[in-house]
Asker: 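Okay, here's the structure, questions in a sec.
The shown structure was predicted, so the numbers you read here are calculated from the model rather than taken from an experiment.
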Amino acid sequence: MLLANWICDNYLKDPLATSIVDGVHLHILPSMNPDGFLLRRRGNANNIDLNRDFPDQFFPVNNYVNGRQPETRAIMKWLREIQFTASASLHGGALVANYPWDGTQDKRKNYFACPDDDTFRFLASVYSGSHHNMSLSKEFEGGITNGASWYPIYGGMQDWNYIHAGCFELTLEISDNKWPIANELLTLWEYNKMSMLNLVASLIKTGVHGRIFSSDGGRPLPGFIVIKGINYTVQASRGIADYHRLLASGGRYEVTATAPGYKSKTTGIWLDKAGTNVDFVLDPNVNRRGIPLQSACECRWGTRSVIWDTHLEVYLLLIVVVGFLLFLCKRRTYSRLKQRQLAGPKRPVVV
């Protein structure tokens, strides 16, 4: 809540607050587990640990959505609707920035990197390096840790966000004291203030951002962004087709934009200490006659698109044939009905 107040109070006064308000859609959830917070325990009102309640990539037994707690279902629905670029959840009990993966397939404690390991290490280091003393940790090098390397958990929000919601999430342990007393909150805020602000600002200061358009009319395309060598796909929004692909600074990347029914395009970018904007204009695929294979009508569900193939002549011919068959069928039915009326009603058959 102090973060929200500071941003509002300093908009147009502080350049960092101004850039966040102008460049980021920031959502703040005061507590995911209000009942557990009130009861001073990890579990919610049903005594279920919500950070073990999400569907898990390694253990399908957790994948029954209707079996999740109401808070978990609400978070899953929220992330699918808004399509967040990144998120961070605040925890207590340690002092470290934690990043995926949180678990391993064999349940052993070891470093298990996700496809965007470099980017997550970069984001975690942004937070730790801006903190009062997190980066000085003697337990965690640089004040950051891979979750599975620390201790594996299953059903966590962090991994689910990355896999199913396209959202890069960090788990931020911001206090060695699991339950800090009220008069320590201002100190915790001061220790974490610049970390929070710099992490949010990094979403616009790093990575590649832009929109995807069709060269045929210039309409937005909810296409996909792929980075060569990273097995992870980011989708542009369904409205204005803007995309935000977080990447670690200090490297060269090959970025490809794709969309069903369109030719993909690839460009190389170099990320130094700032992000870059790249818009893609995709050309539609065409058949031998030069007719575009995609239709102006797109039927979408969630983040996927199904595009019709417009062989107009074939469709018109089919409509004419079906109409003629229906006409013959109707005429034959009318003829039989007329004959029955002339012959009178049939007598019932007794068996």
Side-chain angles (χ1 to χ4, degrees), residues 1-38 50-51 71 74-92 95-99 122-135 143 157-158 161 165-175 177 179-207 209-211 237 239-240 242-246 249 273-275 277:
M1 299 306 297
L2 290 170
L3 171 65
N5 289 336
W6 187 91
I7 291 175
C8 292
D9 291 342
N10 288 277
Y11 178 60
L12 299 180
K13 300 175 185 176
D14 184 277
L16 195 53
T18 304
S19 66
I20 289 173
V21 173
D22 290 345
V24 179
H25 290 284
L26 179 63
H27 298 248
I28 296 178
L29 177 67
S31 177
M32 178 180 165
N33 184 13
D35 294 323
F37 179 80
L38 185 65
L50 299 177
N51 202 37
E71 299 94 336
I75 290 290
M76 293 167 66
K77 183 174 182 288
W78 189 36
L79 271 94
R80 281 171 170 154
E81 287 177 349
I82 294 185
Q83 194 176 339
F84 289 102
T85 300
S87 60
S89 59
L90 305 184
H91 294 233
L95 196 62
V96 66
N98 183 339
Y99 55 90
F122 169 76
L123 294 174
S125 296
V126 166
Y127 195 92
S128 177
S130 305
H131 192 273
H132 175 73
N133 59 352
M134 185 180 288
S135 63
M157 178 177 174
Q158 179 171 268
N161 279 13
C167 178
F168 287 54
E169 162 136 331
L170 295 179
T171 302
L172 304 173
E173 304 280 352
I174 64 170
S175 170
N177 185 354
W179 304 101
I181 58 178
N183 61 15
E184 292 180 2
L185 293 180
L186 284 177
T187 301
L188 285 175
W189 159 241
E190 290 299 329
Y191 282 9
N192 289 273
K193 172 183 172 182
M194 291 310 302
S195 294
M196 291 179 175
L197 293 171
N198 285 335
L199 181 63
V200 175
S202 70
L203 304 186
I204 53 178
K205 291 182 177 180
T206 188
H209 312 267
R211 298 177 66 188
S237 69
I240 62 174
D242 61 318
Y243 71 88
H244 306 277
R245 194 7 169 140
L246 299 182
S249 297
K273 293 184 179 180
N277 292 311

Asker: So, do Leu199 and Leu170 sit near enough that their side-chain heavy atoms are less than 4.5 Å apart?
Answerer: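 Contact flag for Leu199/Leu170 side chains = yes.
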
Asker: Residues two or more places apart in sequence or in another chain: which of them pass side chain to side chain contact (heavy atoms under 4.5 Å, CB included) with Asp22?
Answerer: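 So Asp22 forms a side chain to side chain contact (heavy atoms under 4.5 Å, CB included) with Tyr11, Thr18.
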
Asker: Answer yes or no: is there a donor N or O on one side and an acceptor on the other, between the side chain of Ser128 and the main chain of Ser125, under 3.5 Å?
Answerer: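 No; judged by distance alone, with no hydrogens or angles, the pair does not exist.
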
Asker: If you measure from CG on Leu3 to CG on Asn192, what distance do you get to the nearest 0.5 Å?
Answerer: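 One finds 10.0 Å between CG of Leu3 and CG of Asn192.
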
Asker: Can a donor-acceptor pair be found, under 3.5 Å and without considering hydrogens, that links the side chain of Asn10 to the backbone of Lys13?
Answerer: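 Between the backbone of Lys13 and the side chain of Asn10 there is no qualifying donor-acceptor contact (under 3.5 Å).
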
Asker: Is the shortest side-chain heavy-atom distance between Asp14 and Ile7 below 4.5 Å?
Answerer: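 No; the side chains remain at least 4.5 Å from each other.
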
Asker: Starting at CZ of Arg80, measure out to CD1 of Ile75 and round the result to the nearest 0.5 Å.
Answerer: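 Going from CZ on Arg80 over to CD1 on Ile75, the span is 12.5 Å.
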
Asker: Taking Ser195 for its side chain and His131 for its backbone only, find out whether a donor-acceptor pair lies under 3.5 Å.
Answerer: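 Confirmed, Ser195 side chain pairs with His131 backbone.
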
Asker: NE2/His244 to CG/Leu203 distance, rounded to the nearest 0.5 angstrom?
Answerer: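 It is 9.5 Å, given to the nearest 0.5 Å.
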
Asker: If we count only N and O atoms by modelled type, under 3.5 Å, do the side chains of Ser249 and Thr206 hold a donor and an acceptor together?
Answerer: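 Yes, because at least one side-chain N or O of Ser249 sits under 3.5 Å from a partner of the opposite role on Thr206.
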
Asker: With rounding to the nearest 0.5 Å, note down the distance linking CE in Met1 to CG in Leu185.
Answerer: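 Here the rounded value is 12.5 Å.
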
Asker: What I'd like to find out is whether the side chain of Asn161 reaches to under 4.5 Å of the side chain of Ser87, using heavy atoms alone.
Answerer: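 Asn161 reaches Ser87 side chain to side chain.
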
Asker: Which heavy atom of Ala124 sits nearest to which heavy atom of Tyr99, and what is that distance?
Answerer: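 Closest heavy-atom pair between Ala124 and Tyr99: CB-CD2, 4.0 Å.
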
Asker: Which pair of heavy atoms, one from Ser31 and one from Pro34, lies closest together, and at what distance?
Answerer: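 Here Ser31 and Pro34 meet closest at OG-N, 3.3 Å.
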
Asker: For His25, is the NE2 atom crowded, meaning more than 12 foreign heavy atoms sit under 6.0 Å from it?
Answerer: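 12 or below, so no.
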
Asker: Mind checking ring-ring contact (aromatic ring centres under 6.0 Å, His included) for Phe122 and listing every partner two or more places apart, or none if nothing turns up?
Answerer: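 None.
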
Asker: Taking the side chain as C-beta and beyond, is there a heavy-atom pair between Asn198 and Tyr127 under 4.5 Å?
Answerer: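 They are not in side-chain contact.
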
Asker: For Asp242 and His209, which I'm curious about, is there any donor-acceptor pair between the side chains at under 3.5 Å?
Answerer: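 No, no side-chain donor-acceptor pair sits under 3.5 Å.
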
Asker: For Phe168, what residues pass the ring-ring contact (aromatic ring centres under 6.0 Å, His included) criterion, not counting sequence neighbours?
Answerer: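 ring-ring contact (aromatic ring centres under 6.0 Å, His included) check on Phe168 returns Phe120, Tyr162, Tyr232.
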
Asker: Output, in order, the C-alpha distance, side-chain angles, deciding distance and verdict of side chain to side chain contact (heavy atoms under 4.5 Å, CB included) for Ile20 and Ile204.
Answerer: CA-CA 8 Å; Ile20 289 173; Ile204 53 178; 5.8 Å; no

Asker: Looking at CG of Leu90 and OG1 of Thr171, how far apart are the two atoms once the value is rounded to the nearest 0.5 Å?
Answerer: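 The CG atom of Leu90 sits 9.5 Å away from the OG1 atom of Thr171.
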
Asker: Measure the acute angle between the ring planes of Tyr191 and His132, then classify it against the limits of 30° and 60° as parallel, tilted or perpendicular.
Answerer: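 Parallel, since the angle between the ring planes stays under 30°.
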
Asker: Quick one about Ser89 and Glu169 (side-chain donor to acceptor, distance below 3.5 Å, no hydrogens or angles considered), yes or no?
Answerer: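 Checked: Glu169/Ser89 side chains pair up, N/O donor to acceptor below 3.5 Å.
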
Asker: Flag the pair Ser202 / Leu123 as yes when at least one side-chain heavy-atom distance between them is below 4.5 Å, and no otherwise.
Answerer: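 SC-SC contact between Ser202 and Leu123 confirmed.
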
Asker: Val21 versus Leu26: any side-chain heavy-atom pair under 4.5 Å?
Answerer: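 With C-beta onward as the side chain, the pair stays apart.
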
Asker: If every non-hydrogen atom of Cys167 is compared with every non-hydrogen atom of Ala86, which pair is closest and at what distance?
Answerer: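 Distance-wise, the nearest heavy atoms are SG-C, 3.5 Å.
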
Asker: Contact between Val96 and Leu172 at the side-chain level, heavy atoms closer than 4.5 Å - yes or no?
Answerer: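 A side-chain contact is absent here, since even the closest heavy-atom pair is not under 4.5 Å.
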
Asker: Is there a donor-acceptor pair under 3.5 Å between the side chain of Arg211 and the backbone N or O of Ile240?
Answerer: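 Yes; at least one donor-acceptor contact below 3.5 Å.
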
Asker: How long is the span from the CG atom in Asn51 to the CE atom in Met157, to the nearest 0.5 Å?
Answerer: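 Answer for the CG-CE pair, Asn51 versus Met157, is 8.5 Å.
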
